[in-house]
Amino acid sequence: MLSEKLSLTFGPEKELKEIIAAHPERKFKLFHAADDNSEFMLMDCSGKESMFHSGLDYYICGEINPNENSTNGYIECRYVTLNEDEQKVFKSIFKSWDAEAKRPVGLDSSVLVHSLKDNFEFLLINQWEDENVFMVWDNDKDNQMNQFGHDGNSTPVVKTYREIG
């Protein structure tokens, strides 16, 4: 189980590793972008007040099949902007994944987080078995999560990462 909050920041690998080394009391996860080995993301799962200046601070709304010790797999970050009605539908789809039969094939775990600063901003962090199962799901015409857009666009912002062990 993750803490109640998490924070994200982005930057060069060297700087993010310096942050990790300087704060051993924090629970960090370091990722590199799946499509660009020069892009890095640092996640602080400690639940403590954010030390980042990125403003990407979230509280956790829910978890599906949590497996926080795993460093295998393919991580998808799906950013969406949801009005109140869309939030209900989105959360309902997310909660349906509690039943393994309704969970997308190859989805190992999922965490839904809500922005601390914007009532309409959400981030879905999915851990997949591998890139192939993610791509099949993401391109499936029946993928209900693709109906939700981000910041006025009709599609979500999706970034994929691999955890650096």
Side-chain angles (χ1 to χ4, degrees), residues 1-17 19-20 23 26-48 50-52 54-82 90-91 93-98 100 102-116 121-140 143-151 153 155-165:
M1 182 83 166
L2 290 172
S3 63
E4 292 180 12
K5 296 188 303 184
L6 65 82
S7 299
L8 303 173
T9 194
F10 299 87
E13 180 180 23
K14 182 180 178 201
E15 289 178 21
L16 298 180
K17 284 186 172 181
I19 292 171
I20 293 169
H23 301 278
R26 297 274 180 150
K27 185 176 178 185
F28 290 116
K29 291 185 179 192
L30 182 61
F31 301 88
H32 68 84
D35 61 349
D36 181 354
N37 282 341
S38 66
E39 186 179 320
F40 294 86
M41 175 178 73
L42 184 61
M43 182 183 297
D44 181 355
C45 305
S46 69
K48 297 179 180 180
S50 179
M51 58 188 291
F52 303 146
S54 64
L56 298 172
D57 305 310
Y58 302 91
Y59 72 87
I60 296 174
C61 300
E63 294 179 82
I64 303 296
N65 199 32
N67 188 8
E68 62 185 272
N69 295 324
S70 175
T71 58
N72 296 325
Y74 193 76
I75 305 299
E76 165 205 6
C77 291
R78 180 173 293 259
Y79 298 89
V80 293
T81 307
L82 306 171
F90 191 89
K91 287 177 180 179
I93 295 167
F94 173 78
K95 288 177 184 175
S96 76
W97 292 355
D98 263 333
E100 194 169 345
K102 296 210 177 210
R103 195 175 305 147
V105 173
L107 179 65
D108 289 335
S109 64
S110 186
V111 178
L112 178 60
V113 297
H114 189 175
S115 173
L116 291 176
E121 297 290 325
F122 290 82
L123 169 60
L124 183 62
I125 304 169
N126 291 326
Q127 182 173 347
W128 296 91
E129 287 176 8
D130 58 42
E131 181 177 5
N132 291 333
V133 294
F134 162 72
M135 294 301 289
V136 167
W137 175 77
D138 192 46
N139 292 307
D140 187 335
N143 176 350
Q144 294 176 302
M145 291 302 193
N146 281 336
Q147 69 181 300
F148 303 101
H150 175 67
D151 202 21
N153 295 308
T155 58
V157 171
V158 177
K159 291 290 294 178
T160 54
Y161 298 90
R162 297 189 189 282
E163 188 168 355
I164 298 173

Taking every non-hydrogen atom, the tightest pair across [X] and [Y]:
X: Ser96; Y: Lys102; answer: O-CB, 3.3 Å
X: His114; Y: Glu121; answer: CD2-O, 3.2 Å
X: Glu63; Y: Asp98; answer: O-OD1, 4.2 Å
X: Met145; Y: Ile93; answer: CE-CG2, 3.5 Å
X: Phe52; Y: Ile19; answer: CE2-CG2, 4.3 Å
X: Ser115; Y: Tyr59; answer: O-CE2, 4.4 Å

Note: Asp108-Arg103 ion pair, threshold 4.0 Å (strictly below):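 No.
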
Residue from Trp128, Phe31, Phe134 passing ring-ring contact (aromatic ring centres under 6.0 Å, His included) with Tyr74: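 For Tyr74, the ring-ring contact (aromatic ring centres under 6.0 Å, His included) check succeeds only for Phe134.
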
Pair Ser7, Asp44: side-chain N/O donor-acceptor within cut-off below 3.5 Å: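 No.
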
Between Asn126 and Ser110: side-chain donor-acceptor atoms closer than 3.5 Å: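 Note: Asn126 and Ser110 side chains meet the donor-acceptor criterion.
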
Between the side chain of [X] and the main-chain N/O of [Y], is any donor-acceptor distance below 3.5 Å?
X: Asn143; Y: Trp137; value: yes
X: Gln147; Y: Gln144; value: yes
X: Asn146; Y: Asn139; value: no
X: Asn153; Y: Thr155; value: no

Stepwise salt bridge (charged side-chain N to carboxylate O under 4.0 Å, His left out) test for Asp36 and Lys159: CA-CA 11 Å; Asp36 181 354; Lys159 291 290 294 178; over 6 Å; no

Phe28 and His23 aromatic ring geometry - parallel, tilted or perpendicular at 30°/60° bounds: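 Rings of His23 and Phe28: perpendicular, over 60°.
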
Under the ring-ring contact (aromatic ring centres under 6.0 Å, His included) test, residues paired with Phe148 that sit two or more places apart: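 Listed in chain order: Phe90.
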
